[in-house]
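Data first, discussion second: the structure below is written as structure tokens.
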Amino acid sequence: MRAIFVGNFENDTRQSDLERLFSKFGKVDRVDMKTGFAFVYLDNDRDAEDAIHHLDDRPFGYDRRRLSVEWARGERGRERGHHLDGSKSVANQRPTKTLFVINFDPLRTRVSDIERHFDPYGKVLNVRIRRNFAFVQFDTQEEATKALAATHLSKILDRVVSVEYALRDDDERGERRYDSPRRGGYGRHVDSPYRRSPSPVYRRRPSPDYGRARSPAYGRYNGPVYDRRRSPDYGRNASPEYGRYRSRSPIRRSRT
DNA sequence: GTTGAGCGTT
């Protein structure tokens with residue numbers, strides 16, 4: 001089952017919209033909704049071909065933008081056993097009571113939604129959303145494990161989510177941080193004459209800052225973006241300058 | 001125009 005790439009739909013297009021659209025051509029296995037594009041899986045590749053032929057370049061949605069529909073490029077789009085759970089296939093080894101949840105709709109999903117979603121599987125102690133992912137902490141490992149099994153690839157607000165064990169359990173979070181400056185002596189790697197990191201740590205992908213206001217530059221305005229329909233202002237245009245890296249200009253002024 | 005976001009701070 002190959003993945004079909006779908007692009008150029010409106011930003012408020014939902015997974016179910018695509019599901020509905022593609023289901024006319026065959027059984028939809030799943031839709032992996034990303035931002036601005038999505039991957040659709042039809043059980044039958046023949047049906048997929050069919051869908052591609054019929055849907056590519058076809059006006060869709062309120063704005064009647066022309067969809068881009070084609071076979072997904074890249075390895076992940078090809079057959080290769082499908083660990084296409086959206087995960088990096090290197091899910092976490094070590095079970096933790098805190099689960100890492102990703103791929104929900106970062107704009108609409110709230111803590112309460114996630115909480116409600118995981119609640120049936122145990123006592124949820126804490127839910128935190130950060131950017132495009134969330135952490136759900138359970139009281140016990142059993143609950144967490146059970147919850148993971150039950151919710152991985154389940155839908156939250158219409159989006160299929162990936163659930164994994166978090167790298168760090170909420171419990172064990174940085175107890176060692178500012179514990180006490182130089183106690184014991186596990187700081188042998190810190191006393192180098194150089195600063196911690198001399199070179200600017202390359203940020204990983206410039207992942208969008210969901211939840212936070214991304215200064216202009218995120219999402220080009222192809223025209224009026226406020227009258228799409230619905231509420232013109234979700235309140236996220238506030239905070240004009242959220243970034244500290246506001247001045248990326250060469251004002252490095254090496255201390256003189 | 002777009003091809004798979006990935007581990008957090010009180």
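Source: prediction; values computed, not measured. Per chain, numbering begins at 1; letters A, B, ... match sequence-line order.
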What nucleotide, of B:dG1, B:dG4, B:dT10, holds the atom closest to the side chain of A:Phe37?
-> B:dG4
The nucleotide from B:dT9, B:dT2, B:dG4 with an atom nearest the side chain of A:Arg168 is B:dT9
Interatomic distance, A:Asp171 CG vs B:dT10 C1' [rounded to whole Å] | 14 Å
Can you tell me the distance, in whole Å, between the CD1 atom of A:Ile129 and the P atom of B:dC7?
-> 17 Å
Between A:Lys27 and A:Asp29, is there a salt bridge with N-O shorter than 4.0 Å?
-> no
Figure out the CZ/C1' separation between A:Arg58 and B:dT2, and round it to whole Å.
-> 20 Å
Which part of the nucleic acid does A:Phe39 contact within heavy-atom distance under 4.0 Å: base, sugar-phosphate only, or nothing?
-> base
Side chain of A:Ala3 - closest among B:dT10, B:dC7, B:dG4 = B:dG4
Just by distance, do the side chain of A:Asp56 and the backbone of A:Val69 share a donor-acceptor pair under 3.5 Å?
-> yes
Is it true that a side-chain atom of A:Glu164 and a backbone atom of A:Leu99 form a donor plus acceptor pair closer than 3.5 Å?
-> no
Look only at the side chain of A:Asn44 and the backbone of A:Arg46, and say whether a donor-acceptor pair between them is shorter than 3.5 Å.
-> yes
Backbone of A:Glu143 reached by a side-chain donor or acceptor of A:Thr140 within 3.5 Å | yes
Using atom CZ of A:Phe133 as one end and atom C1' of B:dG8 as the other, report the distance to the nearest whole Å.
-> 6 Å
What is the distance from CD1 of A:Ile102 to P of B:dC7, rounded to the nearest Å?
-> 8 Å
Base B:dT2 paired with A:Arg73 side chain (donor-acceptor, <3.5 Å) = no
Comparing nearest nucleotides in DNA chain B, the 5'-proximal residue of the pair A:Asn126, A:Arg159 is A:Arg159
Send over the distance from A:Asp63 CG to B:dT2 C1', rounded to a whole Å.
-> 16 Å
Nucleotide B:dT9, atom P - distance to CG of A:Asp170 in whole Å | 11 Å
Closest listed nucleotide, where the reference is the side chain of A:Leu167 and the choices are B:dT2, B:dC7, B:dT10 | B:dC7
Could a donor-acceptor pair under 3.5 angstrom be found where the side chain of A:Arg66 meets the base of B:dG1?
-> no
Gap between atoms CD and P, on A:Glu164 and B:dG8 respectively (whole Å) | 14 Å
At under 4.0 Å, does any side-chain N or O of A:Arg131 touch on OP1 or OP2 of B:dG8?
-> no
